[in-house]
Amino acid sequence: MLDNCCAFTGHRPHKLPWRYDETDSRCVALKVALTGQITQLVNVGVTAFYSGGADGVDCWASLIVLELRQKNPALKLHLLLPHEGQADRWSNSAQERYRLILDQADSVEYVSQEYYEGCMLDRNHQLVETAGVLLAVYNGERRGGTAATVRYARKLERKIIFLDPVSLKIAGE
């Protein structure tokens with residue numbers, strides 16, 4: 001069961017060189033590379049995708065799955081969110097995108113109704129536990145949620161596909 005499931009992890013926009021400018025050619029190139037990796041996973045039998053719904057990579061990957069699902073209804077997007085109101089402080093456009101994703105997801109589950117310290121980490125652990133593959137848009141930094149999620153996936157001996165957000169190099173383990 002886990003083999004056909006992939007979870008996403010990756011940086012929020014403020015950690016990327018272009019920050020919130022999605023028209024930047026580097027951001028556009030990352031989305032193309034992310035689409036390529038998700039398509040490759042679909043081609044080897046992955047049909048269930050799990051997203052934590054964070055701004056940036058999580059939402060981009062979710063939208064890619066939703067787009068691919070239009071041609072392949074077997075694909076499912078499951079949202080595993082840390083708490084209700086996760087997007088309340090985001091920009092209006094980011095909140096609008098988030099609501100669009102929530103409306104189209106095949107399932108939406110919350111770790112907690114209310115925010116608590118550690119709910120993001122708990123969400124990340126559940127994502128890794130649910131999926132056999134972790135697609136990580138990761139710049140190699142040792143601190144932060146993406147780094148912690150990668151460490152947890154290694155601990156659980158999950159397959160990890162790394163996509164460097166700047167060089168776009170792909171690596172696996």
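Note that the numbering runs from 1 along the sequence shown for the chain.
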State plainly whether one hydrophobic cluster holds both Leu66 and Leu75, where clusters connect Ile, Leu, Val, Met, Phe, Trp and Tyr through side-chain heavy atoms under 4.5 angstrom apart. yes
Looking only at heavy atoms, which two atoms of Leu81 and Gly53 are closest? And how far apart? CD2-CA, 3.8 Å
Checking side chain to side chain contact (heavy atoms under 4.5 Å, CB included) for the pair Leu135/Leu34: CA distance, chi angles, key distance, verdict? CA-CA 9 Å; Leu135 178 51; Leu34 192 54; 3.9 Å; yes
Non-hydrogen atoms of Thr149 and Gly145 that approach each other most closely: OG1-O, 2.7 Å
Can you tell me how far CZ of Arg123 sits from CG of Leu127, rounded to the nearest 0.5 angstrom? 6.0 Å
Check whether more than 12 heavy atoms from other residues, nucleotides or ligands sit under 6.0 Å from atom CD of Glu67, and answer yes or no. no
Find out if a path of hydrophobic residues (ILVMFWY) with successive side-chain heavy-atom gaps under 4.5 Å connects Leu163 to Phe49. yes
Does any part of the side chain of Asn72, heavy atoms only, come nearer than 4.5 Å to the side chain of Thr47, both counted from C-beta? no
Under a 3.5 Å distance rule, please check whether Asp106 uses its side chain to pair with a backbone N or O of His78 as donor and acceptor. no
NZ on Lys155 to NE2 on His125, rounded to 0.5 Å: 7.5 Å
Assign the ring pair Tyr115 / His83 to parallel, tilted or perpendicular, where the plane angle (0 to 90°) is split at 30° and 60°. perpendicular
For Lys159, does the NZ atom have more than 12 heavy-atom neighbours from other residues, nucleotides or ligands under 6.0 Å away? no
Check: Ala131 main-chain N/O paired with Arg158 side-chain donor or acceptor under 3.5 Å: yes
If you draw a 6.0 Å radius around CD in Glu84, do more than 12 non-hydrogen atoms from other residues or ligands fall strictly inside? yes
Would you say Glu173's side chain and Ile160's backbone share a donor-acceptor pair under 3.5 angstrom? no
So how far is it from Tyr50 OH to Glu129 CD, rounded to the nearest 0.5 Å? 12.5 Å
Heavy-atom donor-acceptor pair, Arg19 side chain to His14 backbone, under 3.5 Å: yes
pair Trp90-Arg97: side-chain heavy atoms closer than 4.5 Å: no
If you compare all heavy atoms of Ala29 against all heavy atoms of Leu168, which two are closest, and at what distance to 0.1 Å? CB-CD1, 3.7 Å
Donor-acceptor contact below 3.5 Å, side chain Arg69 vs main chain Ala105: no
Given side chains that start at C-beta, do those of Leu16 and Asp24 come closer than 4.5 Å, heavy atoms only? no
Test item: Cys27 and Trp60 side chains (from C-beta on) under 4.5 Å apart, heavy atoms: yes
Between Val44 and Gln40, is there a side-chain heavy-atom distance shorter than 4.5 Å? no
Taking all non-hydrogen atoms of both residues into account, name the closest pair between Cys59 and Ile101 and its distance. O-CD1, 3.6 Å
In the structure I gave you, are the side-chain heavy atoms of Tyr152 and Asn124 within less than 4.5 Å of one another anywhere? no
Give a yes or no on whether Glu114 atom CD has more than 12 heavy-atom contacts from other residues, nucleotides or ligands under 6.0 Å away. no
State yes or no: do Ile170 and Val28 share one hydrophobic cluster built from I, L, V, M, F, W and Y residues joined by side-chain heavy-atom distances below 4.5 Å, directly or via other members? no
Any idea which heavy atoms bring Ser62 and Leu79 closest together, and the distance? OG-CD2, 4.1 Å
Below 4.5 Å, heavy atoms only, C-beta onward: do Ile38 and Leu68 meet side chain to side chain? yes
Any chain of hydrophobic side-chain contacts (each under 4.5 Å) joining Val65 to Leu134? no
Looking at every heavy atom in both Pro165 and Trp18, which two are closest together, and how far apart are they? O-CH2, 3.5 Å
In terms of hydrophobic clusters joined by side-chain contacts under 4.5 Å, are Val57 and Met120 together? no
State, with a plain yes or no, whether a side-chain heavy atom of Tyr116 is found less than 4.5 Å away from one of Val111. yes
